[in-house]
Amino acid sequence: MPNQFIKFIRLYGMPIGLLVLLLLVQGIFHKVPLFSLLNIKHILLETVSIALTALGLSYIMISGEGDLSFAGMFSLLTVVFALVSNQLNSFTISFLSICATILVVNLFIVLLVTKLKFSSFIVSIAIMFMANGVEKALHQQTTLIQDPNILSFAKIEFGLPLVVLIAAIVYIFSFFLINKTKFGFSLRIVGENKNAAIEAGINTNQMKVIAYIIAGLLIALAASIESTRVGAIYEQGKYYMLPVFAACFLGSSMFVPGRVNVFGTLIGALFLGVIEKFMNMISVESYLVSIAQGAILIIAVGLVAYRHREKIEQIKL
Amino acid sequence: MSETIVAKIRDLKKYFGATKALDGVDLDIYANEVHAIVGSNGAGKSTLMKTLAGEYIPDEGHLYYLDEDITGLPPLEIQRKGIQVVHQVLNIVESMSILENILVAFPPTKNGLLNWKDGREKVQEILDFIDIRFDLSKPTGLLSISEQQFVILARALINKPKVLVLDEPTSRIGLEETKKIFNVIRKLKEHGTTVIYISHRMEEIYQICDKISVFRDGLRIDTRLTKDLPKDELVTMMLGKKLDVFFPKSVIEASDEVLRVIDLKYKDRLDGISFTVKHGEIVSIVGGVGAGKTEIINLVYGILKPDSGEIWVDGKFLPLSHTPSKAIKHSIALIPEDRVLQGMIENYSVKNNLSALSMEKISKRSLIRNRWETNLAQSLNDKLSVVPNNIEYMINALSGGNQQKVVIGKWMAEKYMLYLLDEVTAGVDIGAKSEIYMILGQLAKEGAGVVLATGDIEEAIGISDRIIILYKGKIVKEVEPLKVTKDEILAYIMGGEKVAKPVY
């Protein structure tokens, strides 16, 4: 009996703990209706882009690499989206052009990483700065999306906003892909123990290429959604760096300690979204939100290290 | 043994830069045989096996399997054909379950999705064959090294290979487990599988292998039937020269105590350990896996803190605040169990590793003087006859035996009073082993106390003045090598009941 209980806690402890925490917060500040239907809809809508970008980063991290380029690429993609849509007035073409943009960049990165054995982390930082530069060159002042059709994309609803449904479908698909298919299984092995993957006959380079392609598409999707939702471009990318990372790491502290996973990233993104919404509602200064998210990241990493430490001690003796 | 040739290796050459790892190897592998591959580290054994497995592509030469040319095929193909290699390094995926680890290469699917239930039966069959019990959903990272070894073995067996290569299968497991592996090998032989057995352990080879192929400097020297090859001839073939003295005769007049351990207790690992070591003595601590050898060593050195008990070194009491850096000041040296994780600095040169403890000696006003460092490292390198003799080489380019010599070497820059060695000859080839024994003999002669934790009973009998036998955290017996047989020690290691005949 206790064994089952321990297993349950190990597996679901973190997300349940987070939920309890949020309910407590709601309980304390009961004058602020955090979990009203309208608010939940807003939270979901505002979290979509972060959640999708975090999912993209998750694919890369599951494959064993790290990435910071998304912070620069995201802004760049929104600018490209705006520019293309203002010229050609089509959501589809704009979306496809930013897909092409990020795919070229990501394939470049994964080529350097797999064939030339560059550190993915360092290459991605370089790309981030380069993307920042290109973005600044492309837009001289705030770029506004002018086409009302495109702008209305964010407002389509089927009960829930369309973009939320899209994100949900993408997440569900990713969950099955990563956890229930042979591809996902192989990808996870590549990320956790490259030598074991080689011994098992897995083509590690191919796996990483696919991971980077999927990640690129997800970030492109996130950038399109954010562009249509906001309508104006400012440097969102830098602002996203922290919550996206925090979502992935927070997620990695759940279920299987230390491994980035789809469901965990989702919960992480939602949790951060709720915290941010809540802080906005009680009129906290926006910089405090960043501080809070940073603190959550430290706690998440600390939790992972704590759970990991037990495991390592167990193996040594 | 049959006359059917299952695999052929013809004129295989593999170079790494200027190093000739394989210099034209010819080998015939027959069905239904257990074939030992022996040789010093660097002789080419691992390279040969990796090439056979498809992980390396040979520069010249061919591999044949059942008359089919398999040269250059990728690992997955080679596995599908029926050749499986169990490597020395256990590449498990820690967060995944035992079931998933065993089926890494061929996860069962149904309609495109993973279906682990289908795999359970097959895996259970294999585990029954090996005679081991596992909770298949347990994360593999939580298993002991010994259990992980069996997971990797199951992984290889699940594809019913015709040729199974075992690379040092027993180096990390205890006696009970070794018995199981031997049973598996015997059963496989009956079923028509060939087992290739790579090991440094002579006694195991003579127990279980039909044939022995000796490798040296990238070439196969000869293949002989085990029964027609006496041990010393085997060693001579491996080294290319005669080995006169394996265990140095110790002519020590021991004097006063250098180490006294009183009633040491540590968690559930050690339950009241007391012993002494005198200056000039070599004392071995033998025991099975988990008996507590490493804990004793780590407690004396200060890595672990005892729950109760006392440690006295050269008449001085070591307080609870005892740490490794204080241990060095007390003139205690440690050669730890895992040379990669704990003993050497992996991505640094031999030179840097050798001078690692001698910073003050080689610096002037806090700046390291390169020439002093080079001189010091070179003299240590020469004293230890490290091969290849180039201190600028990265230490992980060296073979295991030579790496271990470097690990020991850095402690030779000074004279220490007490040397603690934990499995110092594990994974070390026979040539380096004898050199290490000579070094230990020399250290004892010069007055140091040497404590040797080892699972190798022959080593303990050959080199020590006294043997302390450990079982489940308690000292079962203290014996002198001349007054005891190997089987008696074995019996005590396994729990104290005497057996009349050999254990395998």
Side-chain angles (χ1 to χ4, degrees), chain A residues 3-4 6-8 10-11 61-64 172-173 175-207 251-261 264 304 307-317, chain B residues 50 53-55 73-80 84-87 89-97 100-101 103-116 135 137-145 147-148 152 155-156 266-269 290 292 294-295 298 304 337-338 341-342:
Chain A
N3 229 347
Q4 291 270 51
I6 293 176
K7 256 190 180 167
F8 182 78
R10 258 217 165 105
L11 219 48
M61 288 177 77
I62 290 174
S63 82
I172 293 173
F173 176 74
F175 179 80
F176 274 94
L177 184 67
I178 296 279
N179 292 308
K180 306 279 179 193
T181 65
K182 187 169 175 189
F183 164 76
F185 183 61
S186 304
L187 188 69
R188 283 183 283 135
I189 298 176
V190 169
E192 186 164 345
N193 187 338
K194 189 161 172 227
N195 286 320
I198 295 176
E199 272 177 36
I202 298 171
N203 186 336
T204 56
N205 289 346
Q206 197 177 70
M207 290 290 138
S252 78
S253 71
M254 305 183 203
F255 309 115
V256 184
R259 318 292 331 157
V260 172
N261 62 92
V304 173
R307 291 175 86 172
H308 235 135
R309 196 182 304 135
E310 288 181 341
K311 194 168 34 124
I312 293 174
E313 280 207 22
Q314 218 158 351
I315 296 179
K316 263 234 190 122
L317 298 173
Chain B
K50 288 208 168 120
E55 284 171 47
L73 284 182
L76 198 60
E77 280 305 306
I78 305 249
Q79 284 181 44
R80 285 219 177 96
Q84 287 286 346
V85 177
V86 175
H87 294 288
V89 177
L90 302 176
N91 278 319
I92 55 156
V93 187
E94 281 183 15
S95 71
M96 291 189 180
S97 67
E100 290 168 304
N101 264 282
L103 296 170
V104 264
F106 304 103
T109 55
K110 193 177 188 160
N111 304 328
L113 294 179
L114 292 174
N115 186 343
W116 294 110
D135 171 11
S137 17
K138 196 169 172 190
T140 319
L142 295 177
L143 296 176
S144 68
I145 304 262
E147 291 170 310
Q148 288 173 354
I152 302 282
R155 195 194 271 178
Y266 181 70
K267 302 209 170 151
D268 63 339
R269 296 300 177 131
T294 302
E295 283 77 6
N298 286 348
L304 299 172
E337 191 178 359
D338 188 332
L341 278 180
Q342 308 159 321

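In this text, all values refer to a predicted model and were calculated from it rather than measured experimentally.
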Peer 1: Just wondering, more than 12 heavy atoms not from A:Phe183 lying within 6.0 Å of its CZ?
Peer 2: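 Yes - once you tally the heavy atoms of other residues, nucleotides and ligands closer than 6.0 Å, there are more than 12.
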Peer 1: Considering only heavy atoms and a distance below 4.5 Å, find which of B:Glu55, B:His87, B:Glu337 pairs most often with chain A.
Peer 2: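 Most heavy-atom pairs under 4.5 Å with chain A: B:His87.
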Peer 1: Would you name the heavy atoms of A:Ala196 and B:Asn91 that are closest together and state the gap between them?
Peer 2: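 Answer, listing the atom of A:Ala196 first, then B:Asn91: CB-O, 3.5 Å.
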Peer 1: Please give me the minimum heavy-atom distance between A:Asn179 and B:Leu114, naming the atom from each residue.
Peer 2: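 Reported closest heavy-atom pair: O-CD1, 3.8 Å.
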Peer 1: Side chain, backbone, both or neither: which part of B:Ile152 has a heavy atom under 4.5 Å from chain A?
Peer 2: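 Answer is neither: B:Ile152 stays 4.5 Å or more from chain A.
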Peer 1: Just so I know, are the side chains of B:Val89 and A:Asn195 near enough to count as touching, which here means a heavy-atom distance under 4.5 Å?
Peer 2: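 Of all side-chain heavy-atom pairs linking A:Asn195 with B:Val89, none is under 4.5 Å.
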Peer 1: If I compare all heavy atoms of B:Ala105 with all of A:Lys182, which pair ends up nearest, and what's the gap?
Peer 2: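 Closest approach of B:Ala105 to A:Lys182: O-NZ, 4.4 Å.
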Peer 1: Non-hydrogen atoms of chain A under 4.5 Å away: do they reach the side chain of B:Arg80, the backbone, both or neither?
Peer 2: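 Contact with chain A involves no heavy atom of B:Arg80 at all.
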Peer 1: For residues B:Gln79 and A:Glu199, report the shortest heavy-atom separation together with the two atoms involved.
Peer 2: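 Minimum heavy-atom separation between B:Gln79 and A:Glu199: NE2-O, 2.6 Å.
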Peer 1: Restricting to non-hydrogen atoms, name the atom on B:Met96 and the atom on A:Phe185 that form the minimum distance, rounded to 0.1 Å.
Peer 2: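 Closest approach of B:Met96 to A:Phe185: SD-CE1, 3.5 Å.
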Peer 1: Give, for atom CG of B:Leu113 and atom CG of A:Leu177, the distance between the pair rounded to the nearest 0.5 Å.
Peer 2: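 Output value for this atom pair is 10.0 Å.
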Peer 1: Taking side chain as everything from C-beta outward and backbone as N, CA, C, O, which of these in B:Glu100 sits under 4.5 Å from a heavy atom of chain A? Side chain, backbone, both or neither.
Peer 2: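 Looking at B:Glu100, backbone and side chain both touch chain A.
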Peer 1: Taking B:Ile92's backbone N and O only, do any of them form a donor-acceptor pair with A:Asn193's side chain (distance below 3.5 Å, no angle check)?
Peer 2: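 Yes.
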